[in-house]
Amino acid sequence: MEELTITPADVKKQKPAPEVLGFGKYFTDHMFLMDYTRGRGWHDPRIVPYGPIALDPSAVVFHYAQEVFEGMKAYRTVSGEIRLFRPMDNFRRLNDSCDRLCIPRLREADLVEYLKELIRVEADWVPAREGTSLYIRPFIIATEAALGVHASATYLLSIILSPVGSYYPEGINPVKIYVEDQDVRAVRGGTGYVKCGGNYAASLRAGERAEASGYTQVLWLDGVHRRYVEEVGSMNVLFKIDGRIITPALTGSVLPGITRRSCLDLLRDWGYTVEERALAAEELFQAAEEGKLEEAWGSGTAAVISPIGEMQWGERHAVINRGKIGDLTQKLYDTLTGIQWGREPDPYGWTVRV
Ligand SMILES: *Cc1c(COP(=O)(O)O)cnc(C)c1O
């Protein structure tokens with residue numbers, strides 16, 4: 001592992017008050033950078049003052065979107081220490097994303113160590129108020145100055161940090177979603193199973209239309225049959241139908257969420273039958289109409305768990321659990337956040353001390 005260098009910032013920013021944090025609005029004093037050069041590999045890991053990145057206007061990322069990213073969090077536990085949640089899983093997934101976009105892989109264990117070092121430098125930025133955390137955004141961009149369509153010969157990896165507020169300052173309110181029947185997010189063979197900026201660019205229009213019609217998010221259907229449920233917004237989606245847990249299988253167009261996997265691990269341990277399989281919108285709405293759709297929720301790092309209270313599909317409308325958060329959804333939220341913030345023991349060894 002190459003030793004990293006640290007260049008301290010001359011001027012430190014004023015830290016925002018915990019109640020104004022929101023999501024991704026404030027950034028810490030430093031960032032992590034590392035370069036890749038063909039023939040030399042990844043090199044020069046360094047912590048430098050946070051600031052703009054200069055790139056040639058012809059850099060590959062601007063034209064062909066060769067970019068991948070991750071999203072994770074550091075938590076200030078009740079005892080005051082700082083913990084990460086399953087960080088190796090995030091860097092493993094970053095490498096899967098790299099493979100798909102022809103970006104050279106990184107050493108996952110080294111990245112965890114560099115990240116810990118960065119967070120130690122920024123320890124004062126990890127907020128302590130209930131529900132707050134330090135959001136971590138690693139990303140890689142293709143930097144070669146060349147317009148020919150090819151994988152870049154040079155890359156920049158960066159990790160930036162943002163203190164974020166409680167996702168639910170007014171308590172957890174279930175969201176209203178509608179089934180998107182025009183745009184699709186991903187198809188098997190495409191990039192749906194990796195975290196790349198291009199997926200998000202292509203999903204913005206559906207999100208805007210949903211908001212304009214009074215919904216929080218869209219429920220994505222598969223791109224081939226336009227029948228099977230895949231994700232909700234940029235979260236995985238899980239359902240409790242007639243006592244069983246059903247979630248779309250990871251068949252190549254669904255992002256393998258770490259929160260999703262953690263939910264499934266907990267649910268299996270609690271004795272639930274978990275089915276990872278194709279779930280048609282027809283089956284889902286029929287279950288709702290028969291009173292068998294008991295709970296529905298999205299899962300992802302930012303919100304952890306986001307209950308779904310209402311769904312619209314064309315003319316069909318479903319209200320889930322009278323629009324209130326379900327008992328199991330609440331228990332998952334309490335257990336996961338309990339482990340993350342150190343209020344509960346961590347029998348799975350998911351958290352890592354910084
Ligand atoms: C990041 C992401 C998720 C959730 O993944 P987590 O690891 O749980 O944060 C789900 N769907 C999409 C499309 C995503 O980009």
Side-chain angles (χ1 to χ4, degrees), residues 23-24 65 67-75 84-98 100-101 108 111-112 115 133-140 162 164 167 175 177 180 183-188 190-207 210 216-223 228-239 247-267 276 279 296-308 329 332-333 335-337 339-340 348 350-352:
F23 184 80
E67 186 267 358
V68 295
F69 68 94
E70 267 304 321
M72 53 211 284
K73 281 177 174 175
Y75 304 85
L84 294 162
F85 186 72
R86 309 186 80 170
M88 275 296 276
D89 294 29
N90 286 93
F91 290 125
R92 239 177 256 133
R93 188 170 66 191
L94 183 68
N95 268 336
D96 292 340
S97 301
C98 285
R100 182 63 183 82
L101 273 86
E108 291 147 14
L111 289 179
V112 175
L115 172 60
S133 56
L134 186 72
Y135 186 78
I136 301 161
R137 169 54 58 85
F139 63 102
I140 303 174
S162 173
V164 298
Y167 204 86
V175 298
I177 61 169
E180 171 63 37
D183 293 353
V184 297
R185 197 192 76 87
V187 290
R188 205 181 295 182
T191 54
Y193 69 101
V194 302
K195 266 183 134 59
C196 62
N199 289 345
Y200 278 68
S203 72
L204 293 175
R205 184 168 72 173
T216 314
Q217 261 309 340
V218 302
L219 188 66
W220 293 104
L221 296 182
D222 78 281
Y228 301 102
V229 169
E230 298 223 309
E231 301 203 41
V232 58
S234 51
M235 287 188 276
N236 294 115
V237 67
L238 300 91
F239 302 93
T247 192
L250 303 178
T251 51
S253 48
V254 171
L255 197 286
I258 293 159
T259 319
R260 171 190 182 276
R261 191 182 321 145
S262 307
C263 284
L264 298 185
D265 289 346
L266 288 171
L267 288 162
E276 295 178 69
L279 173 64
W297 66 93
S299 74
T301 295
V304 187
I305 298 289
S306 174
I308 299 167
T329 311
L332 274 174
Y333 179 81
T335 307
L336 282 171
T337 58
I339 292 171
Q340 288 164 340
Y348 305 94
W350 284 340
T351 62
V352 172

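Whatever order the structure lists them in is the order used to number ligands and atoms, beginning at 1.
Ligand 1 lies nowhere less than 4.0 angstrom from a heavy atom belonging to Arg261. Residue contacts with ligand 1 include Ser234, since one of its heavy atoms falls under 4.0 Å from the ligand.
For ligand 1, the atoms sitting less than 4.0 Å from at least one non-hydrogen atom of Arg185 are 13 (C), numbered in the order shown with element in parentheses. Atoms of ligand 1 found under 4.0 Å from any heavy atom of Glu231, numbered from 1 in the order shown, are 10 (C), 11 (N), 12 (C), 13 (C). Residue contact check: Gly257 has heavy atoms under 4.0 Å from atoms 5 (O), 6 (P), 7 (O), 8 (O) of ligand 1. If you number the atoms of ligand 1 from 1 as listed, the ones under 4.0 Å from a heavy atom of Tyr200 come out as 14 (C), 15 (O).
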Which side-chain N or O atoms in residues 255-264 pair as donor and acceptor under 3.5 Å with protein atoms at least two apart or in another chain?
residue, atom, partner, partner atom, Å
Thr259, OG1, Thr301, N, 3.4
Arg260, NH1, Glu276, OE1, 3.4
Arg260, NH2, Pro248, O, 3.0
Arg260, NH2, Glu276, OE1, 2.8
Arg261, NH1, Asp89, OD2, 2.7
Ser262, OG, Arg86, NH1, 2.8
Ser262, OG, Ile258, O, 2.7

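In terms of polar-atom proximity, defined here as any N/O pair under 3.5 Å, Arg93 does make such a contact with ligand 1.
Taking the side chain as every heavy atom from C-beta outward, Met235 and Ser306 approach each other to under 4.5 Å.
Heavy atoms of other residues, nucleotides or ligands lying less than 6.0 angstrom from CZ of Phe69 number more than 12.
A salt bridge does not link Arg185 with Glu230: none of the charged nitrogens is closer than 4.0 Å to a carboxylate oxygen.
Residue-level proximity to ligand 1 for Thr301 is carried by backbone and side chain together, each with a heavy atom below 4.0 angstrom. By the criterion of a heavy-atom distance under 4.0 Å, the backbone of Met235, and not its side chain, is placed next to ligand 1.
For Phe139, there are no ring-ring contact (aromatic ring centres under 6.0 Å, His included) partners at least two apart in sequence or on another chain.
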